[in-house]
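Heads up, the thing below is written out as structure tokens.
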Amino acid sequence: MMERELYSLHVSCNSFIRINCGPSESVLAITASAALGFLSRSSSRVEWMSTDEGGLLSPALVVGHYCHDRITLPGGARVDALGGSVSYITNVFEALSMKADVVSKVGADFLYNSQLLYPPMVVESQFTTEFFADFTAGEERLLRVGNVCEPILPKDILSDTKYEIGLAVGIAGEVLPETLERMIETSRIVVVDVQALMRTFDPVTRLVSLRRLEETPFYNLLHRISYIKAARNEASYIDLEIVRKLTCVIVTEGENGSKVYSKESEWRIPPFNATDVDPTGAGDSFLAGFSAGLYQGLSVYQAALMGNYFGALAVEQVGVPHFSSEQLKEFRDTNVGGIVSSKPDTTGPIFNLLCHNELPVREINTQKPQA
């Protein structure tokens, strides 16, 4: 008998189903209100997703600091904005009506509490992390760090809550190795932005630089991480042929889309058209779309395509983007199957975005793309 694959699907804000099906079968995502009808006509086995202790998994855990961004745009204009990977990620999650718990710290000087659905912990004795990003020097930004808030500790993450997906998205070394271990213990799927592991700062110039991944204290945890995301420049600090044997690596390549590297295969994910206004947060928006896709039960290829879409939307606005209902409707209505079938393997899934205000049935072909 062929091994049956497991897909985890979000069916309401706090309810999940687990569907087991063989590679030749389809996966149906349904709402909780339609569950009984689905059970009466489906031969797939459905069960409520639960932890080993019997409790339901919470949707997502996002760990990393909010920050103050001081941005100099390619044309020379300067803007101040809410920053931090967590702000871009929760923005995409909110657009998709996906709930999350956020663990983040700021100082008493934090300016953007009124903009947040997920407020951070305020440490009165600290200043908020701040970055100065200059995009006038060419393709790559010049990045300096100012103030840095204190790190996130394992005790800051609730140990009695279990998550379907955990995202480690530190920006200034605030995610410690022991904190990442706590995330691994509490999350079924762990997604890591590699900048959280590799960033360093010159103590004099405050310029941000990178160290090689194998030189970090996180390297021995890679085999316990589900996915790591690296930008094009960060990927050069990774021994890809070794790391891909330990975890799945996704490299974002801007206007060229992204590439996925697993242990034995790789494939390119096509980009969406975008007018580049402010590239800040594009990788974070990609990571959010990708993670939301995994959470909805999509294949890695499909989830990365979803990530590309939100990354493209992010670069068209300054700061944390606003996603219009028209943009979300455009994505729901897009014949993604046509996009997928443009790659060499034409058997990839066709999907529609699961929308909060609808009660759709989503059918997904389970066959995975070939390298």
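When a residue number appears, it is its place in the shown sequence, counting from 1. Just so it is clear, the model here is predicted, and its values are computed rather than measured. Scope of the values below: all heavy atoms of this structure, side chains included, with no hydrogens, waters or symmetry mates.
- L61 and F218 fall within a single hydrophobic cluster, where Ile, Leu, Val, Met, Phe, Trp and Tyr side chains are chained together by heavy-atom contacts under 4.5 Å.
- Transitive grouping of hydrophobic side chains (ILVMFWY, heavy atoms separated by less than 4.5 Å) keeps I171 and V192 in distinct clusters.
- In this structure, Y301 and I269 have side chains that are in contact, with non-hydrogen atoms separated by less than 4.5 Å.
- Looking only at distances, no side-chain donor or acceptor of S58 sits under 3.5 Å from a matching main-chain atom of A60.
- The two residues T129 and C149 have their closest heavy-atom pair at OG1-N, 2.9 Å.
- S104 approaches H65 most closely through the heavy-atom pair OG-CA, 3.2 Å.
- Donor-acceptor pairing under 3.5 Å is recorded for the side chains of T200 and S209.
- Nearest heavy atoms, A196 versus V169: CB-C, 4.3 Å.
- Residues P59 and K99 share a closest heavy-atom pair of CB-O, 3.2 Å.
- Ion pairing between E264 and R244 fails under the 4.0 Å rule for side-chain N and carboxylate O.
- Qualifying ring-ring contact (aromatic ring centres under 6.0 Å, His included) partners for F290, counting only residues two or more places apart in sequence or in other chains: Y227.
- Among all heavy-atom pairs drawn from L82 and D69, the shortest one is O-OD2, 4.3 Å.
- The closest donor-acceptor contact from the side chain of Q296 to the backbone of G293 lies at 3.5 Å or more, if one exists at all.
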| task | Give the C-alpha distance, both sets of side-chain angles, the deciding distance and a yes or no for side-chain contact (heavy atoms from CB on, under 4.5 Å) between N256 and R268. | result | CA-CA 9 Å; N256 295 320; R268 178 173 295 281; 4.1 Å; yes

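- Proximity of L213 to V243: side-chain heavy atoms (C-beta onward) are separated by under 4.5 Å at one or more points.
- Judged by distance alone, the side chain of T205 and the main-chain N or O of D202 form no donor-acceptor pair under 3.5 Å.
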| request: Evaluate salt bridge (charged side-chain N to carboxylate O under 4.0 Å, His left out) for R212 paired with D239, printing each intermediate quantity in order. | output: CA-CA 8 Å; R212 294 198 61 81; D239 190 332; 5.4 Å; no

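- Looking at R182, its side chain does come within 3.5 Å of a backbone N or O of I157 through a donor-acceptor pair.
- Counting heavy atoms from C-beta on, the side chains of F132 and L142 never come closer than 4.5 Å.
- Checked by atom type and distance alone, the side chain of T216 never pairs as donor or acceptor with a backbone atom of M198 at under 3.5 Å.
- Between R70 and R78 the shortest side-chain heavy-atom distance does not fall below 4.5 Å.
- The CG atom of L143 lies 8.5 Å from the CD atom of Q195; values are rounded to the nearest 0.5 Å.
- Here the two rings, on H68 and F110, have centers that are under 6.0 Å apart.
- Using a 4.5 Å heavy-atom threshold, the side chains of V191 and S291 count as touching.
- With rounding to the nearest 0.5 Å, the separation of OH in Y295 from CZ in F93 is 9.5 Å.
- Using a 3.5 Å distance cut-off with no hydrogens or angles, the side chains of D109 and T128 do pair a donor with an acceptor.
- Y219 is connected to Y261 through a chain of hydrophobic side-chain contacts under 4.5 Å among Ile, Leu, Val, Met, Phe, Trp and Tyr, so both are in one cluster.
- For D193, the side chain to side chain donor-acceptor pair (under 3.5 Å) partners are K229, not counting sequence neighbours.
- Under the 4.5 Å side-chain heavy-atom criterion for Ile, Leu, Val, Met, Phe, Trp and Tyr, F127 and V145 are members of distinct hydrophobic clusters.
- Residues T90 and L117 fail the side-chain proximity criterion, which asks for heavy atoms closer than 4.5 Å.
- A cation-pi arrangement, defined by a distance under 6.0 Å to the six-membered ring centre and an angle within 45 degrees of its axis, is absent between R211 and F201.
- Contact detail for P120 and L116: the closest heavy-atom pair is CD-CD1, 3.8 Å.
- Listed for the S262 side chain is a donor-acceptor partner under 3.5 Å among the backbone atoms of S265.
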| request: Applying side-chain contact (heavy atoms from CB on, under 4.5 Å), run through M183 and I225 and close with a yes or a no. | output: CA-CA 10 Å; M183 294 185 66; I225 295 171; over 6 Å; no

| said: Checking S125 against E150 for the side-chain hydrogen bond (donor to acceptor under 3.5 Å, both in side chains) test, could you report, in this order, the C-alpha distance in whole Å, the side-chain angles of both residues, the deciding distance, and whether it holds? | reply: CA-CA 10 Å; S125 62; E150 70 178 30; 5.2 Å; no

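- Separation of atoms CG (N113) and OH (Y66) is listed at 9.0 Å; rounding is to 0.5 Å.
- Residues E174 and K105 form no side-chain contact, since every pair of their non-hydrogen atoms from C-beta on lies 4.5 Å or further apart.
- Side chain of T247 to backbone of S226: a donor-acceptor contact under 3.5 angstrom is found.
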| task | Check the pair L298 / L294 against side-chain contact (heavy atoms from CB on, under 4.5 Å), numbers first and verdict last. | result | CA-CA 5 Å; L298 303 183; L294 292 179; over 6 Å; no

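- Note that the CG atom of L246 and the CG atom of L221 stand 11.0 Å from one another [nearest 0.5 Å].
- Applying the side chain to side chain donor-acceptor pair (under 3.5 Å) test to R144 and every residue at least two apart in sequence or in another chain returns nothing.
- Between R188 and E164 there is a salt bridge, with a side-chain nitrogen of the basic residue lying less than 4.0 Å from a carboxylate oxygen of the acidic one.
- A continuous path of Ile, Leu, Val, Met, Phe, Trp and Tyr side chains, each step under 4.5 Å between heavy atoms, connects V194 with I242, placing both in one hydrophobic cluster.
- Annotation: side chain of P270 is in contact with side chain of L305 (closest heavy-atom distance under 4.5 Å).
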| Between L287 and S85, does a side-chain contact (heavy atoms from CB on, under 4.5 Å) hold up when you go through it step by step? | CA-CA 9 Å; L287 198 61; S85 299; over 6 Å; no

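- Expressed to the nearest 0.5 Å, how far OG of S236 lies from CG of L210 amounts to 7.5 Å.
- With rounding to the nearest 0.5 angstrom, the OH atom of Y118 is 13.0 Å from the OG atom of S87.
- Heavy atoms from other residues, nucleotides or ligands lying under 6.0 Å from NZ of K245 number 12 at most.
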